[in-house]
Amino acid sequence: MDLKFQVEHRCPETHARAGRYFATHGMVETPIFMPVGTVGSVKAVDPRDLEEAGAQIILGNTYHLGIRPGIDTLIALGGMHGMADWHHPILTDSGGFQVMSLAKIRKIDERGVQFRNHINGALLDLTPEHSIEIQEAIGSDICMVLDHLAPSTAPRAVHEAAMQRTTRWALRCLAAHKREDQALFGIIQGGIDHELRRWHVDELCQHPFDGFGIGGLSVGESIPEMYAALEVTAPRMPEDRPRYLMGVGTPNDLVEGVARGVDMFDCVMPTRNARKGGLFVDGGRRHVNIRNACYRDMRDPVDSTCDCYTCRHFSAGYLRHLLIAKELLAYRLLSIHNLRVYLRLMETIRAELRAGTFAKFLEDWRRATGSNSALNA
RNA sequence: GUGGGAAUAGUUCAGUUGGCAGAGCACCGGAUUGUGGUUCCGGGGGUCGAGGGUUCAAAUCCCUCUUCCCACC
């Protein structure tokens, strides 16, 4: 277990580090961004697109895959690797996020979470044990514990209770988890309360998890609040385990997250925004809307400096036309672009860390983006 | 040719006994952070077919004309 993760480079001026995580289906370079494939596909793109964009590991979701196609079908089709023809690592979220995002259709108690699912209203009884069972059927390289996630606006008492329940559920997941070829990550909660965050790190990280998620961020709090909470959480976590900032974020969040010691990120933003026309350009420093009329007759690519398949072959004007006409190709081409921007940003960050120039990169990034997020630590 | 119906935003249409010109879609802009592709917020838009009449006041009532649709000859 201890050999699964190796830190190889550290940035002395920040908490940033570069390393390798050895999963069952291959090695992952960190810091890494993981495209989100909730229901068994990264929306609009296929495994070849993902490989060409530089993806090394993708996400699946326990709640969604547990409902459809369900455990029996997942097993029959060879798990997510088999059915999706993706032969690199996969991480599965436990369904914890749906505790919050689908709050209207669930009941929660100490046993677990009962969802009336959004497809046909059937009951999904998601206990920590059942979440592990589904994740075993999916066959992910990395499983997440079922956690209790509260909105950032909730009072401290709610966060404290959710945090303590998350610990109890994490230990039940640890006990239920059997497969040697699957890693299991715990999840740190505590909202944006620094004391709760420190408390939960110290409590949960005593247990033999293979890595730790930082949950409960980017759920309504301000950006400075999120960075501040991250700053008291990530550097306090075990040096020899990967730190995964769940559900985050913008390109700026990735840069600032790495600076605070994060190794792994996932976010729907590159793919979801792409389907609405929101594109990241200039290496992620700017965000534009391809639907804007100024792109109507543009023959140049969206970003002439971008090396993605879309920018190498298609004009901004054509992409705008496809999106406005709701042509299915638009979703694929725009998703490919945004994924490549995210994955290339992480390649750049890793290269800067290996070269020992990350601090300079961070300074330049902050100047170029005008972001005002200097480390407090 | 005769009879009937219609004409209001880019488009499809509402518009009450005459009382500040409206909606959906489209268009334009914004939001989107462990994904319910269907979402949300904001904005620009009009000689109410044309001309005349009645009235304090007309998209609305009256007359004439134009265009289109339907039925019949």
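Chain letters run A, B, ... following the sequence lines, proteins first and then strands; every chain starts at 1.
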Review point. Looking across every strand, which nucleic acid part, if any, lies under 4.0 Å from Arg116(A) by heavy atom: base, sugar-phosphate, or nothing?
Key: nothing
Practice item. Please work out if Asp253(A) contacts a base, only the sugar-phosphate, or nothing of the nucleic acid, heavy-atom cut-off 4.0 Å. Key: base
Review point. So, Phe33(A) versus Tyr342(A), ring centres under 6.0 angstrom or not?
Key: yes
Check your understanding: Between the base of U35(B) and the side chain of Arg275(A), is there any donor-acceptor pair under 3.5 Å?
Key -> yes
Check your understanding: When we call it a touch if two heavy atoms are under 4.0 Å apart, what does Leu254(A) touch: a base, just sugar-phosphate, or nothing?
Key -> nothing
Practice item. Among the candidates U35(B), U33(B), G30(B), find the nucleotide nearest to the side-chain atoms of Asn61(A). Key: U35(B)
Point to revise | Among G37(B), G34(B), C27(B), the nucleotide that comes nearest once only the side chain of Arg291(A) is considered | key: C27(B)
Practice item. Looking at every strand, decide which applies to Gln189(A) at a 4.0 Å heavy-atom threshold: base, sugar-phosphate, or nothing. Key: base
Check your understanding: Are Thr38(A) and U35(B) close enough that a side-chain N or O sits under 4.0 Å from OP1 or OP2?
Key -> yes
Review point. Are Leu343(A) and Val262(A) connected in a single hydrophobic cluster, I mean Ile/Leu/Val/Met/Phe/Trp/Tyr linked by side-chain heavy atoms less than 4.5 Å apart?
Key: yes
Exercise for review: Determine the Euclidean distance between corresponding P atoms of G24(B) and U17(B); express it in Å to zero decimal places.
Suggested key: 25 Å
Review point. For G51(B), what is the paired nucleotide under Watson-Crick or G-U wobble rules, both distances under 3.5 Å?
Key: C63(B)
Practice item. Identify which nucleotide among C28(B), G37(B), G34(B) has an atom closest to any side-chain atom of Ala293(A), counting heavy atoms from C-beta outward. Key: C28(B)
Check your understanding: Taking Glu231(A) as the fixed residue, which of Arg198(A), Arg260(A), Arg236(A) is the one that meets the salt bridge (charged side-chain N to carboxylate O under 4.0 Å, His left out) rule?
Key -> Arg260(A)
